Amino acid sequence: MQITTFGSDSPPFIQRNPPSTPPPSPVQDSISQANQNPSIYPAASILPGSLAIEEDAHIPLFDLDDIENAPTEIRKELIKQFGDGLKDIGFIAIKAPSLSAIIKDVTKSMKTYFALPLEEKMKDWNSDNSKGFSEQGRETAAGATHADRKETFFVPPHFKKWPQTPPEFGQVMERYHTELTNLAIKVMRYVAEYLEEPTENVSETIDTAYNLLRLAYYPAPKSEDHPDSVWANAHEDLNALTLLPPTKVPGLQLFTKDERWLSVTAPEGSLILNTGLQLERLTAGLIKATLHRVQNPGGKYTYQARHSSIFFASWAPEKSLAPLKKCVEKITENMSEEERTTYLLQYPDVTVQENLISRLIEMGTIPNPTREQVAELHQKGLLQRPPLHVVEEFSDLFNS
Ligand SMILES: O=C(O)CCC(=O)C(=O)O
Ligand SMILES: [Fe+2]
């Protein structure tokens with residue numbers, strides 16, 4: 001099965017929404033609390049400044065050239081800081097001045113495109129929502145009461161049906177896709193070095209063929225918008241790693257380990273980098289996918305729109321996400337044998353593709369999975385948080 005062509009409500013493969021029912025596992029506590037407790041997982045509001053996140057996450061900024069050119073001992077230290085940033089905060093920034101020109105072109109093209117009348121953009125809509133344009137209201141996070149307030153243009157690998165306006169759109173996006181694939185491969189080499197793994201275990205199958213680009217236009221809030229509707233509801237990314245340029249209008253927020261929402265910003269000429277569920281599985285949770293969302297920050301930005309170009313790097317569908325031995329040793333070193341066994345149940349030996357399908361079922365994006373699909377995924381230790389209707393339909397499988 002092709003991974004990017006599921007019939008779904010939303011472009012698949014990108015985000016894991018927080019589950020509507022809190023997960024039982026202790027390691028998911030922060031997420032489940034976030035869902036249950038409105039004071040730490042507040043509904044968004046567009047009222048000026050009402051929920052403005054003024055506190056910045058202060059994500060660390062790295063220069064990959066510094067790492068590359070550093071003498072051995074300093075390189076070791078820089079790699080440690082780089083990996084610890086991903087492990088402890090989940091988001092870092094990397095300097096990318098050579099990409100400034102293409103990022104400018106991408107932003108210009110997408111601004112022109114999204115400013116077109118809706119009827120025009122709808123010509124680029126595809127019924128399976130897995131590529132091209134999607135209008136507002138197409139994507140609702142599981143458990144959320146309102147759809148994300150955004151329009152998107154989704155560019156899967158080998159995309160060919162480019163919009164006519166602006167004429168350079170396709171060429172610009174293809175160039176951006178290639179540049180960011182190269183950068184993702186480079187970043188993964190540093191991740192491998194941090195994990196003390198051979199490069200091929202980590203960066204090998206990051207390839208243009210699996211990487212996806214999502215252009216997002218978040219319209220300026222209007223006074224008639226429902227106060228609970230946000231630009232993008234809280235989620236974790238499903239892929240291996242995500243790269244995105246900082247935007248003029250802020251709005252990206254991460255959920256910290258001590259359960260606070262903080263704003264994610266980075267200097268111009270850099271890219272923000274966060275990691276997704278594929279890397280979480282491969283590292284047995286050593287580098288976890290961090291919960292994040294996008295919402296208008298209020299204040300002087302209250303009535304401003306936002307444009308964002310998000311690049312999702314992924315491994316090949318057949319790659320095994322069985323946790324790497326060294327990562328397992330590190331993360332479980334202080335656990336008892338029993339704790340270790342329980343902990344590792346959440347990271348079974350599954351492929352990228354199996355993980356993706358199970359997540360899409362959990363999110364409701366594949367609403368009617370077959371009995372065979374459910375049985376196989378459940379037997380592999382996936383579908384740990386199945387939607388209620390799936391449990392009811394296949395209760396014998398879940399009770400066995
Ligand atoms: O627009 C952004 O800043 C991030 C969007 C995002 O998290 C996503 O599309 O997965
Ligand atoms: Fe995301």
Side-chain angles (χ1 to χ4, degrees), residues 4 8-18 31 34 44 53 56-57 59 86 89-93 103 106-107 110-111 114 129-131 133-134 136 138-142 144 147-156 176 180 184 211-221 229-255 261-268 270-280 288-297 301 304-314 356 359-360 363 365:
T4 54
S8 64
D9 293 330
S10 59
F13 206 64
I14 297 173
Q15 57 193 40
R16 162 171 71 153
N17 300 310
I31 300 173
I53 306 286
D56 198 287
I59 61 173
L86 294 177
I89 309 172
F91 279 72
I92 62 169
I103 290 169
V106 166
T107 308
M110 69 189 284
K111 278 188 173 166
F114 283 116
N129 297 309
S130 71
K131 52 188 172 294
F133 178 75
S134 283
Q136 260 192 80
R138 282 269 165 214
E139 203 169 316
T140 307
D148 286 357
R149 212 155 16 81
K150 68 185 179 202
E151 289 182 4
T152 59
F153 194 100
F154 188 61
V155 184
Y176 186 57
L180 288 202
N211 298 338
L212 311 171
L213 170 62
R214 185 204 324 242
L215 307 169
Y217 162 56
Y218 305 98
S229 91
V230 285
W231 275 341
N233 282 286
H235 64 275
E236 293 141 318
D237 292 344
L238 278 182
N239 49 306
L241 67 85
T242 306
L243 289 161
L244 64 160
T247 51
K248 286 233 158 61
V249 175
L252 178 60
Q253 299 164 1
L254 64 80
F255 196 60
W261 286 107
L262 298 180
S263 175
V264 180
T265 59
E268 225 186 293
S270 69
L271 284 170
I272 296 165
L273 194 168
N274 68 283
T275 56
L277 194 58
Q278 290 176 12
L279 193 65
E280 174 175 333
K288 278 195 77 124
T290 299
L291 195 63
H292 56 283
R293 68 181 181 189
V294 190
Q295 88 174 36
N296 183 287
Y301 299 110
Q304 293 202 26
R306 181 172 184 272
H307 294 80
S308 183
S309 49
I310 312 126
F311 183 79
F312 302 97
S314 172
L356 172 66
R359 288 296 163 192
L360 294 176
M363 287 161 56
T365 307

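Counting begins at 1 with the first residue of the sequence. None of these values were measured; they are calculated from a predicted model. Whatever order the structure lists them in is the order used to number ligands and atoms, beginning at 1.
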Mark up the atoms of ligand 1 that fall under 4.0 Å of a heavy atom belonging to I310, in ascending order. 1 (O), 5 (C), 9 (O)
Locate the shortest heavy-atom distance separating A184 from A313; write the atom from each residue and the value. CB-CB, 3.7 Å
Short list, please: which atoms of ligand 1 are under 4.0 Å from a heavy atom of S308? 1 (O), 2 (C), 3 (O)
If you consider just the N/O/S atoms, which atom of D237 is the closest one to the Fe ion (ligand 2)? OD1
What atoms of ligand 1 come within less than 4.0 Å of a heavy atom belonging to R214? 9 (O)
Minimal non-hydrogen separation, R214 against T152, with atom names: CD-CG2, 3.7 Å
Using the side chain to side chain contact (heavy atoms under 4.5 Å, CB included) criterion, which residues pair with A57? Sequence neighbours excluded. I59, L254, L262
Any atoms of ligand 1 less than 4.0 Å from a non-hydrogen atom of V294? List them with their elements. 1 (O), 2 (C), 4 (C), 5 (C)
Closest contact, heavy atoms only, W231 versus R306: CZ3-CD, 3.6 Å
Take the angle between the ring planes of W261 and F255 and call it parallel below 30°, perpendicular above 60°, tilted in between. tilted
Atoms of ligand 1 less than 4.0 Å from D237 heavy atoms? 10 (O)
Heavy-atom contacts with H292 under 4.0 Å: which atoms of ligand 1 show up? List them by number with element. 7 (O)
Just to verify, which of I272, L180, L271 counts as forming a side-chain contact (heavy atoms from CB on, under 4.5 Å) with L244? I272
Answer yes or no for R293: is there a heavy-atom contact with ligand 1 below 4.0 Å? no
Once side chain to side chain contact (heavy atoms under 4.5 Å, CB included) is applied, do any residues pair with A305, and if so which ones, sequence neighbours excluded? Y217, A220
Do any N/O/S atoms of E236 come under 2.8 Å of the Fe ion (ligand 2)? no
Report the member of W231, F312, Y218 with the shortest heavy-atom distance to atom 5 (C) of ligand 1. Y218
Per-atom contacts of ligand 1 with L244, taking only distances under 4.0 Å to non-hydrogen atoms: 2 (C), 3 (O), 4 (C)
Is there any N or O on K150 that sits under 3.5 Å from an N or O of ligand 1? no
What pair of heavy atoms forms the shortest contact from H292 to E236, and how long is it? CE1-CA, 4.2 Å
Close-contact set for ligand 1 against H235 heavy atoms, below 4.0 Å: 6 (C), 7 (O), 8 (C), 10 (O)
Which heavy-atom pair separates K248 from P250 by the least distance, and what is that distance? O-CD, 3.5 Å
